[in-house]
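Atom set for the values below is all heavy atoms of this structure, side chains included, hydrogens, waters and symmetry mates excluded. Throughout, protein chains are lettered first and strands after them, A, B, ... in sequence-line order, and every chain is numbered starting at 1.
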2 protein chains.
Amino acid sequence: MTSLTELNQYSSEHNHNQCVSLALGTAQQLCNQRGVLLTTIRHQVLTLIWESHKAVKAYELLDRLRPLQATAKPATIYRALDFLIEQGLIHRVESLNAFVGCRCSDQQHEQLLLICKLCEQVDERPAAEVMSALLEESKQAGFMIHSKAIEIHGICSDCSTK
Amino acid sequence: MTSLTELNQYSSEHNHNQCVSLALGTAQQLCNQRGVLLTTIRHQVLTLIWESHKAVKAYELLDRLRPLQATAKPATIYRALDFLIEQGLIHRVESLNAFVGCRCSDQQHEQLLLICKLCEQVDERPAAEVMSALLEESKQAGFMIHSKAIEIHGICSDCSTK
DNA sequence: TAGGTAATTGTTATATTATTACATCAGAAA
DNA sequence: TTTCTGATGTAATAATATAACAATTACCTA
Ligand SMILES: [Zn+2]
Ligand SMILES: [Zn+2]
Ligand SMILES: [Zn+2]
Ligand SMILES: [Zn+2]
């Protein structure tokens, strides 16, 4: 089976159906393993998030969910988002107040996010050297890490070569 | 003259008046050099932000500003914050929707922020190795960096030794 | 000094993002 | 069945942020 992380370098012309089915498959699998429910609503929200590699806003998700769930309210979305974040299936992009699918939910979390200002796509990278430098820096500061948000804004390679 | 960055390792019992006067002095100086105005309101907001090393919320600043500026409104605060950020005198902490004084406004920006969950203090560090690893990673990805938000949450050394 | 211009602030309204509290429902366990 | 738990429905509101336009102030120059 192809792992999500093997698709790390997606181009603008990649087969996105593959991204989606892989993400949803992995999500279902992880939820089964963990004994938690990927309910209809949660599955729908995750699918909506995976419509692209862009980060999506909560109220935009709400608008897109309503045709499928007539009773959807802000709480509906935020509950689903909370669940998906807890399960490591999506990331919250702090600097955008938005949410993006995680391409390595079966592996290490808290990666580095490269966020393109032009195409708005978010690329998630393990960036092992950055992480180890970060660990060393924290160690020197006597700081115990609980969580990280590493968000880099700029222009992606696709956009800069166009 | 002592530079802001020489006070990098502040302890819980440090002389905070020194932090404040240094920050405000540097701010005034930079604004003079740049031909921009550190108006009364901007000076007051910067002073309020520097009341501690914690990140402060915009509406908390508004509450604290009102006794000094009876007509203060959200726009008053957000304009002052925008100005202070533009001038590199404060940082926006994306993961907290809050703002903290910059201790190296005369030097390199976009440092790493260590944010303590207990005392809420924010420590700003140049973290040269992290930054160079980040640069290398971006380069490999063909990504042109415009700005960075590197925010680490956890427990600071003061709090973990108490 | 007067007049013109740009920057700053005042003011109102509103947009956007997120949470709380309580009721209801569906499924598993006893 | 009853009970419990987790999920969802629903309404209200809190928290964060921006837009638009008017009034004022600072600054430059004639
Ligand atoms: Zn894709
Ligand atoms: Zn791009
Ligand atoms: Zn201090
Ligand atoms: Zn602390």
Asker: Among the nucleotides D/dT8, D/dA17, C/dT20, which one has an atom lying closest to any side-chain atom of A/Ala75?
Answerer: C/dT20
Asker: Within this structure, what is the CG-to-C1' distance between B/Leu68 and C/dG10, rounded to whole angstrom?
Answerer: 17 Å
Asker: Taking the side chain of B/Thr39 as its heavy atoms from C-beta onward, which of C/dT8, D/dG9, C/dG10 lies nearest to it?
Answerer: C/dT8
Asker: Check whether any side-chain heavy atom of B/Val45 sits under 4.5 Å from a side-chain heavy atom of B/Thr76, and report yes or no.
Answerer: no
Asker: NZ of B/Lys73 versus P of D/dA17: gap in Å, rounded?
Answerer: 19 Å
Asker: Is there a donor and acceptor pair closer than 3.5 Å between the side chain of B/Tyr59 and the base of D/dA17?
Answerer: yes
Asker: State plainly whether the residues B/Arg125 and A/Glu137 are in salt-bridge range, i.e. N to O under 4.0 Å.
Answerer: yes
Asker: Just how far, in rounded Å, is P of D/dG9 from CG of A/Leu62?
Answerer: 12 Å
Asker: Does a nitrogen or oxygen in the side chain of B/Lys57 sit under 4.0 Å from OP1 or OP2 of D/dT16?
Answerer: yes
Asker: Does C/dT8 have its OP1 or OP2 closer than 4.0 Å to a side-chain nitrogen or oxygen of B/Arg42?
Answerer: yes
Asker: Look at the side chain of A/Arg79 against the base of D/dG6 and say whether a donor-acceptor pair falls under 3.5 Å; ignore hydrogens and angles.
Answerer: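 Such a pair does not exist between side chain and base.
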Asker: Within the 4.5 Å heavy-atom criterion, are B/Cys156 and B/Gln121 side-chain neighbours or not?
Answerer: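 They are not in contact (no side-chain heavy atoms under 4.5 Å apart), so the answer is no.
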Asker: Quick test of your reading of the model: are A/Arg92 and A/Glu94 salt-bridged, counting only N-O distances below 4.0 Å?
Answerer: yes
Asker: Between C/dA18, D/dA7, D/dT10, which nucleotide gets closest to the side-chain atoms of A/Pro74?
Answerer: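 Comparing C/dA18, D/dA7, D/dT10 against the side chain of A/Pro74, the answer is C/dA18.
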